[in-house]
Each structure stands twice: as structure tokens, then as C-alpha cells.
Amino acid sequence: MTPLRMRALLVLTLLAGCASYAPDPLRNDPAVLALPAAEILQRRAEAITRSWLTPARIDLDAPLDANAVATLAVLNNPDLIALRAHAGVADAQVFAAGLLPDPSFSLGADRVLRGPDTLLNLTAALGLDLNALRNRTLTRAQAIARARSVRLDLAWAEWQTAGQARLQAVRILGLQRQLPLLEAGAQAARMQAEQALRAAARGDLANSEAQALRLTAFDADTRLRDARQQLQQAEQSLARLLGLPSDRVLPLAAQPLPPPPPTAARLFELARRERADLAALRAGYDAQEASVRLAVQRQFPTLNLTINGNRDSAGNLLLGPAVDFTLPLWNRNRGDIAIERATRSALKADYEARLFQTRADLDAAVTALQQARDQLAQARVDAEALQQRAQAAQAAQARGDLPAAAALVIEQAWRDRNLLIVQLEQTIAEQTLAVELLCGVPLFQELQ
């Protein structure tokens, strides 16, 4: 093979390794706006790898349990999809930090305009950035730590989004249980108010008493409308979290009342060990440690090595190295060192503040959860007594010993206590989920 062909082959080989440009325009109808295909969703759900999720069967027409709701949120939430795309930037930065610097090459020619020499003055230089090679290990360690921090932030966002989806599901189930009680109460209040208004029109009842019963019926209707509105808002919020059209109403499987959690101190130790956001802060601190070391290392002279070749106009051939470096006399990179050290101190303070806030949030959540459980226990005792009174009142009304209005009042008191029990059970389920979100892992699964 001739030298010309060898040079041509070398050029073609270098060009073959170059990246090429391909446009990727935005679309007016991206896939995120469409209902996900059932078979694709199921295939992704079966292959999901999260320590706090198990492979789930996703059928949007069948009741979804808590694990299926969380899985669907992780897979299909548009914000999480965008965060995963941004996490790819950090991975690309790790790849870039591991690449060796390309050498530089320069070529020049000078023509003699006046003088005895007749040849062109040719110069060539081959340079290598030794400073980039010296800093390569620290730069790569910094990029790896930052990528780990980004991935942990993504894991924390997935955990929070899945928890919010489960929270909306619990809220929906609680409101669905409240509606029949509220409807029965509103119907009884309307019936009692209509009877009172007719009695007042006959002169058998004072107008003030009839007006009070009418206001009671109005309040019952208002509570019913508010509950229906809250249910609709919760269903829309759940659909948005799951990446579905906001008008899509999903069937949900009933969930049992969770057991009491352990002490706040034990939960704090679990959170400090397992929470992804705390691990992300630690990874970010590791990256900043590498930044401090880089700043300290850059106070020393930077080195660039160049191999110069020259043929002067007299035909002399010259070859020799050249080294250039900075003299650390005044600057010595002290500004960057001070900035990086101050940033490290700020990150340390952020981490400690997050730990303090985590402990405080857990203390408050556990206290509120215990109060709700105490209230639930008392409400169940009261409901049992009111049920006996309501049954006795119904029997007395059937015998004619008690007016119907009085029997309705006792029955409504029993219904209100049942409504309170349902609301407290919903509160306990929501607050238990809040404790899980603060811990960063499925609570009772982790403590088994």
C-alpha cells in the first residue's frame, strides 16, 4: 500500500469514529398525552427493579392495590420520566470525565520576502495537556459522586411520587366510605326539616325550632357536597400522578388499617440509614470533597508539553520540546480554594439541617398518629353505646313511646360517630403513609 493510500485510510478511520448529527424535533402529540398501552405497561411493571416494589399486575379496569398504584406512578409519571432523562446527563458527564485529552497539533509556513534564503520556513508543534492528565482521577471521582447524587435524588423523587399516589388512593377510599354515611345523614336531616316546616306552618312547632332544623339540613347537604368535591379532586390528582388523563377514574382495592409504628427514635435511625435524599446529600458532599482537592491541586503550576519541529529558510531542521507553566506567585488559586471550602461547609450544614428536620418531622408524625389512634379507640366505644341507644329509640318509636324526631336525633348521633370512625381510620392510614415517606422505605416490611 502506497503512503498516500495509508494516509487516506488513516483519515477515513478517524472520521468513522466521529459522532454524527441527527435532529430530534418536538412533537405536538407526544406519547405522554396518550393512554399507555396495556401490554407495554404490564411488561414494564413485571420488569421493575425497586427494593420497595414487587412485580405487579397492572389492569386499569381491575381494582389496584397499594403496590400497583405505586408501581404505576413510578413507571408512568411524566415528571419522573423527565427526571430520568436528566439523570442521563450526569451519566454522560461521568463518561466525559473518563476520556483522555486529545493532543493538539499546529502547522505553519513563512515565506522569505527579502534575503538570500529561498526555502519556506516550516513549523509544526505537537502538544499535550499534562494538567488534564494530572487532574483526571479527581475529575472522574467528582463526576461519579455527582452522578450518584443525581441518581439518589431520582430515587427519592420516585419514592415521594409513589407515596403521594398511595396517599391519594387512601384518601379516595376513605371518602368513598364516608359518602353513604353523609348521604344518609343529609337525607334524614332534610326529612326532619320538612316535617318541622310543616309543623310550624300548622302552628304546632315554633318557627325558631323549625329554622334550626332547616339550618341543620343545609349544613348536612354542604358536608355532602364538600365530600363529593374532595373525592373528585382526589381522583383527578391520582390520575395526574399516574400519568393518566385527569378524567380517568380508577377502581381501587380496599386496604386494611395499618398496625401502630415503632418509636420515633427507631424510625429516625431507619430514616438516617435508608432515606435516599440523605444519601444523595452525602454523595453531593463527596463530590464537593473532590472539588476541594481539585482546587488545592490547581494551586501548583499547570504543565503543558509541546514537541516543536522546524525547518528554517536556510534548510536547517530543528526538533525539541517546550514546556510552559504558570508561576504561583500571587493568585495561587486561593480564590477557588476559598469558594470550594465554603461550599463544602454549606453542604455539611445542609445535611445536618436535613437530619434535624427529619427527626422533628418524625416526632410530630408519630405523636399525631398516636393521638388519632387514641381518638379512634374512644370513638369506637362511643359508637357502640350510641348504637344501643339508637336501637332502643327505634323500638320505643315503634311502640309509640318516643317521637320520631327524637329517634332521628339519636340515630343521627350514632351515624355521626360512625362517620368520625371512618374519618379517623382515614387519618391513621394517611399519617402512617406520611411516616413511611419520612422513613424512606416501606415501614412494616423493613421492620419485620
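Numbers here simply count residues along the sequence, with the first being 1. Worth knowing before you read on, the calculation uses all heavy atoms, side chains too, and leaves out hydrogens, waters and symmetry mates. Since the model is a prediction, treat every value here as computed from it, not as a measurement.
Judged by distance alone, the side chains of S291 and Q142 do bring a donor and an acceptor atom under 3.5 Å apart. In the model, Q412 has a side-chain atom that pairs as donor or acceptor with a side-chain atom of R415 under 3.5 Å. In summary, the side chains of T161 and N77 do not present any donor paired with an acceptor at a separation below 3.5 Å, with no hydrogens or angles considered. Between the side chains of N207 and Q211, no donor-acceptor pair of N or O atoms lies under 3.5 Å.
Contacts classified as salt bridge (Lys or Arg N to Asp or Glu O under 4.0 Å) and involving residues 423-435 (residues at least two apart or in different chains) are given here: R171-E430, R177-E425, R380-E425. Legend: salt bridge (Lys or Arg N to Asp or Glu O under 4.0 Å) pairs involving residues 74-101, not counting sequence neighbours, sorted by first then second residue: R84-E158, D91-R151.
One finds a salt bridge joining E183 and R228 here, because a Lys/Arg side-chain nitrogen approaches an Asp/Glu carboxylate oxygen to under 4.0 Å. D61 and R248 are joined by a salt bridge, as a carboxylate oxygen and a charged side-chain nitrogen come within less than 4.0 angstrom of each other. A salt bridge links E436 to R166: at least one charged side-chain nitrogen sits closer than 4.0 Å to a carboxylate oxygen. D221 has a carboxylate O that lies under 4.0 Å from a charged side-chain N of R190, or vice versa, which qualifies the two as a salt bridge. A salt bridge links R272 with E269; the closest basic N to acidic carboxylate O contact falls under 4.0 Å.
The number of heavy atoms from other shown groups lying within 6.0 Å of CD (Q187) does not exceed 12. More than 12 non-hydrogen atoms from other residues, nucleotides or ligands lie less than 6.0 angstrom from CZ of R136. Counting non-hydrogen atoms of neighbouring residues, nucleotides and ligands closer than 6.0 angstrom, the CD atom of E384 reaches no more than 12 such neighbours.
Considering R146, R344, R293, E340 in turn, E340 is the only one that fulfils the side-chain hydrogen bond (donor to acceptor under 3.5 Å, both in side chains) rule with Q288.
Heavy atoms only, all atoms of each residue included: A165 and L242 are closest at CB-CD2, 4.1 Å.
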